[in-house]
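Keep in mind that the numbers below use all heavy atoms, side chains included, and drop hydrogens, waters and symmetry copies. Everything numeric here is computed off the predicted structure, so don't read it as measured data.
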Amino acid sequence: MRVLIINGPNLNMLGIRQPEVYGYDTYSDLVRYCHNQAELLDIDLVCFQSNHEGEIIDKIQDAYKKFDGIIINAGAYTHYSIAIMDALKSVNIPSIEVHLSDIYQRESYRHVSYIKEACIKSIVGLGFEGYKLALETLKNL
Ligand code: DQA
């Protein structure tokens with residue numbers, strides 16, 4: 001099974017950005033954590049991060065017929081990118097939305113997720129563990 005994890009803008013700043021919200025673990029820690037979990041589940045994993053909407057869309061389109069699942073934390077694009085939602089709907093690959101923080105307990109502008117509409121599941125507020133749960137969910141499909 002092949003899974004693609006996409007992390008969007010500012011997630012490369014983990015460990016530095018708002019540690020009171022996102023913690024002190026870095027993006028490299030997250031990638032290592034995800035690879036360890038994927039190995040336990042016998043999943044072939046690719047991790048991708050970009051601060052650019054178009055690059056994220058290109059990556060989703062490239063995944064067509066290459067990946068069996070997508071896990072996406074689109075960062076702030078979650079709340080306004082119809083284009084990323086459309087890309088996910090276009091490739092028709094089972095996708096799961098993950099957020100480190102609980103977007104529904106934060107500012108009201110974070111309560112809307114366009115990404116959710118293109119996903120089979122949303123996992124929020126569980127930190128790194130959300131990615132593990134997403135990998136397990138895809139594995140069990
Ligand atoms: C986030 C939540 C978003 O609202 C925010 O813009 C992020 C991170 C999360 O993982 O909690 O960049 O997606």
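- No side-chain N or O of Asp25 forms a donor-acceptor pair with one of Tyr33 less than 3.5 Å apart.
- Note on Val124 and Tyr109: separate hydrophobic clusters, where clusters join Ile, Leu, Val, Met, Phe, Trp and Tyr whose side-chain heavy atoms are under 4.5 Å apart, directly or indirectly.
- For the pair Arg17 and Tyr22, the cation sits on the ring face: its NZ or CZ lies under 6.0 Å from the ring centre, inside 45° of the axis.
- Clustering ILVMFWY residues whenever any of their side-chain heavy atoms sit less than 4.5 angstrom apart, transitively, puts Phe48 in a cluster other than the one holding Leu11.
- In this structure, Tyr77 OH and Ser50 OG are separated by 7.0 Å, a value rounded to the nearest 0.5 Å.
- For Tyr114, the OH atom counts as loosely surrounded, since its 6.0 Å shell holds 12 or fewer non-hydrogen atoms of other residues, nucleotides or ligands.
- Note that CD of Gln37 and CD of Glu129 are 8.5 Å apart. Values are rounded to the nearest 0.5 Å.
- Taking CG of Leu138 as the start and NZ of Lys121 as the end, the distance is 9.5 Å to the nearest 0.5 Å.
- Nearest heavy atoms, His79 versus Ile103: CE1-CG2, 4.2 Å.
- Rounding to the nearest 0.5 angstrom, the gap separating the CG atom in Leu100 from the CD1 atom in Ile123 is 11.5 Å.
- A salt bridge is absent between Asp68 and Arg2: the closest approach of a Lys/Arg side-chain nitrogen to an acidic carboxylate oxygen does not fall below 4.0 angstrom.
- Applying the side-chain hydrogen bond (donor to acceptor under 3.5 Å, both in side chains) test to residues at least two apart or on different chains, none of the pairs has a partner in residues 132-141.
- Atom CD of Gln49 is separated from atom CG of Asn7 by 6.5 Å, given to the nearest 0.5 angstrom.
- Ile16 and Tyr27 are members of different hydrophobic clusters when ILVMFWY side chains are connected at heavy-atom separations under 4.5 Å.
- In terms of hydrophobic clustering, with Ile, Leu, Val, Met, Phe, Trp and Tyr side chains grouped at heavy-atom distances under 4.5 Å, Leu4 and Val31 are assigned to different clusters.
- For OH of Tyr104, the number of neighbouring non-hydrogen atoms (other residues, nucleotides, ligands) closer than 6.0 Å is greater than 12.
- Tracing side-chain contacts under 4.5 Å through hydrophobic residues (I, L, V, M, F, W, Y), one never reaches Leu141 starting from Phe67; they form parts of separate clusters.
- Atom NZ in Lys59 sits 12.5 Å away from atom CD1 in Ile5 (nearest 0.5 Å).
- The shortest side-chain heavy-atom distance between Ile6 and Ile60 falls under the 4.5 Å cut-off.
- Here the closest non-hydrogen pair linking Ile56 and Gly8 is CD1-CA, 3.9 Å.
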List, one per line, each side-chain donor-acceptor pair under 3.5 Å for residues 80-97, sequence neighbours excluded.
unit_1: Ser81; atom_1: OG; unit_2: Glu53; atom_2: OE2; d: 2.5
unit_1: Ser81; atom_1: OG; unit_2: Ile84; atom_2: N; d: 2.9
unit_1: Lys89; atom_1: NZ; unit_2: Glu117; atom_2: OE2; d: 2.7
unit_1: Ser90; atom_1: OG; unit_2: Asp86; atom_2: O; d: 2.6
unit_1: Ser95; atom_1: OG; unit_2: Ile93; atom_2: O; d: 2.8
unit_1: Glu97; atom_1: OE1; unit_2: Ser122; atom_2: OG; d: 2.5
unit_1: Glu97; atom_1: OE2; unit_2: His99; atom_2: NE2; d: 2.8
unit_1: Glu97; atom_1: OE2; unit_2: Ser113; atom_2: OG; d: 2.5

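- Across all their heavy atoms, Asn51 and Pro9 have their closest contact at OD1-CA, 3.2 Å.
- Scanning all heavy atoms of the two residues, the minimum distance from Glu107 to His111 falls at O-CD2, 3.2 Å.
- Considering Asn73, Ile72, Val98 as possible partners of Ile115, the one that fulfils the side-chain contact (heavy atoms from CB on, under 4.5 Å) test is Ile72.
- Considering only heavy atoms from C-beta on, Asp44 stays 4.5 Å or farther from Val3 through its side chain.
- A heavy-atom distance below 4.5 Å is not found between the side chains of Met1 and Asp42.
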